[in-house]
There are 2 protein chains.
Amino acid sequence: MARMNPDLRRESIVAATLSVMQRHGIAATTVRDVAAELGTSSGLIHHYVTSMDELITEAFERAATEDLERAAAAIDSGSEPIDRLSRFFESYTRADDDSGMQLWLDAWAEAARRPALQQASRRLNEDWQRLLCTLIQDGCARGVMSSEDPEGAAWRLLSLLDGLTLQCVAHGDTVTREQVMIWSHRAAEMELGLPHGTLT
Amino acid sequence: MARMNPDLRRESIVAATLSVMQRHGIAATTVRDVAAELGTSSGLIHHYVTSMDELITEAFERAATEDLERAAAAIDSGSEPIDRLSRFFESYTRADDDSGMQLWLDAWAEAARRPALQQASRRLNEDWQRLLCTLIQDGCARGVMSSEDPEGAAWRLLSLLDGLTLQCVAHGDTVTREQVMIWSHRAAEMELGLPHGTLT
DNA sequence: GGAGTTATTGGACAGTTGCGCAATAGTGAT
DNA sequence: ATCACTATTGCGCAACTGTCCAATAACTCC
């Protein structure tokens, strides 16, 4: 394989790892699979990464961070709190993308066995909660939302969303994507004192 | 090891598999672990079971079914709908002790890649939903609860519970067990038109 | 050009996995 | 007591895993 700039190479290794993870799942991602995906030898991976656990954690972290940043950007393109909330839901439940949620399912399951992954998963979950929480606090400060407990409200809405989406992704159609959207909108309206139908 | 009645032996193998699964998770359950748990040779397992996949699926199915039956029994020991609902929450969050929930996390993650496991996981999830749904419908029929959509209400409450408990089990204490209890009680009260504080 | 650096290779290693199979040893019937 | 039956053994096998390492080859600088 052609010699490559170390930074780019590391980048490409993480990217290859991510795509293997999405195809086979975190538990079934091996050094050799990553090397094959990359078209290099397996030894190369350990020249850039000290352990497989570290690599998997980094790949997950990267994917989840990108999702989070994409959501934050989508939210920031709206100015009104209600609009921003709407954008939050929209970016959280991307209908075309099962792989994102599947990655989270893998991460939650593997967290018990991989301390590094657990730490990353936990941190990113908290980041999502914080994103929603500040959005709610902003809405309250501007007087268009009301909540006695924005922290808790964020956890409740996020958990409802996770629990519902989980059914979609893991079981096919026990719960439909449309129901996830409608029900989480309704929950947010009740939780934040919004008139029914406020969220599209 | 003493010779044993084939039916009992098969039973004991599934039971041993289950306890290993609860301790180490689905992905980390091996033939040799099960044999060690049982105190027999590893070869014996394959004398009763054609593949490891089959054994794991069967053990998961058994575990979840037992949890479900335990919950149903706990509910049936109450007569008033509110009391029965209270018992439902109690048995659901206790089943999530830790080991039980880890099993579900593993199952949800693996479901997309293992059809047999997906089928079992899906069926059991739907059973839980049905249990809660009939409980709600009963409460409505007796005039102590109100819901326009018992089916959906059951999915929403269950998913909230799953999402919250998931945080407890996967991440330690992002959300505490007490919060799970309080928040899901509150959600049920709002969802079913019960006065605040109705559920203990 | 040649020399030094280092990205890359491909295989060795010790560990694990699910599974198969000949041999052994209980068990009940005759 | 001898038989057929089969539960049980424990090892062997091939395939896989993460990790490591000497050899190689590509690149930069002089």
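We use all heavy atoms of the structure for the numbers below, so side chains are in, but hydrogens, waters and symmetry mates are not. In what follows, every chain begins at residue 1, and chains take the letters A, B, ... in the order their sequences are listed. The shown structure was predicted, so the numbers you read here are calculated from the model rather than taken from an experiment.
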Student: Enter the distance from A:Trp104:CH2 to A:Phe60:CZ here, rounded to the nearest 0.5 Å.
Tutor: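 Separation between the atoms: 4.0 Å.
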Student: Does A:Thr30 make a side-chain N or O approach to OP1 or OP2 of D:dT17 shorter than 4.0 Å?
Tutor: yes
Student: Rounded to whole Å, please give me the gap between CZ in B:Arg10 and P in D:dA7.
Tutor: 12 Å
Student: Which nucleotide sits closest to the side chain of A:Leu44: D:dA7, C:dT17, C:dA7?
Tutor: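 Nearest to the side-chain atoms of A:Leu44, counting from C-beta on, is C:dA7.
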Student: If the threshold is 4.0 Å, N to carboxylate O, is there a salt bridge linking B:Glu191 and A:Arg186?
Tutor: yes
Student: For the atom pair CG (A:Asp83) and OG (A:Ser79), what is the distance rounded to the nearest 0.5 Å?
Tutor: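 Reported to 0.5 Å precision, the distance equals 6.5 Å.
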Student: Salt-bridge test for B:Arg62 and B:Asp67: reply yes if a basic N is under 4.0 Å from a carboxylate O, no otherwise.
Tutor: no
Student: Testing the basics here: between B:Ala188 and B:Leu199, what is the closest heavy-atom pair and its distance to 0.1 Å?
Tutor: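 Looking at all heavy atoms of both residues, the shortest contact is CB-CD1, 3.9 Å.
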Student: Of the listed nucleotides (C:dC19, C:dG11, C:dT8), which one gets closest to any side-chain atom of B:Ser42?
Tutor: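 Closest of the options to the side chain of B:Ser42: C:dC19.
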Student: Under 4.0 Å, heavy atom to any atom of DNA chain C: which of residues 45-62 of chain B qualify?
Tutor: B:His46, B:Ser51, B:Met52
Student: Any chance you could measure A:Ser147, atom OG, to A:Leu194, atom CG, to the nearest 0.5 Å?
Tutor: 10.5 Å
Student: Using OP1 and OP2 only, check whether a side-chain N or O of A:Arg3 sits under 4.0 Å from C:dT5.
Tutor: no
Student: With a non-hydrogen cut-off below 4.0 angstrom, is A:Arg32 in contact with a base, only sugar-phosphate, or nothing?
Tutor: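 Base contact.
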Student: Using atom CZ of B:Arg114 as one end and atom P of C:dG18 as the other, report the distance to the nearest whole Å.
Tutor: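 Rounded to whole Å, this separation is 11 Å.
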Student: Please state how far atom CZ in A:Arg113 lies from atom C1' in C:dT16, giving the value in whole angstrom units.
Tutor: 16 Å
Student: Could you give the CG-to-C1' distance, from A:Leu8 to C:dT8, as a whole number of Å?
Tutor: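 Rounded to whole Å, this separation is 16 Å.
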Student: Nearest heavy atom decides the nucleotide; on that basis, is B:Ala2 or B:Thr29 closer to the 5' end of DNA chain C?
Tutor: B:Thr29
Student: D:dG18, C:dG10, C:dA7: which one has an atom nearest the side-chain heavy atoms of A:Ser41?
Tutor: C:dG10
Student: So which of B:His46, B:His47, B:Glu54 actually passes side chain to side chain donor-acceptor pair (under 3.5 Å) with B:Thr50?
Tutor: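 Between B:Thr50 and the candidates, side chain to side chain donor-acceptor pair (under 3.5 Å) is satisfied uniquely by B:Glu54.
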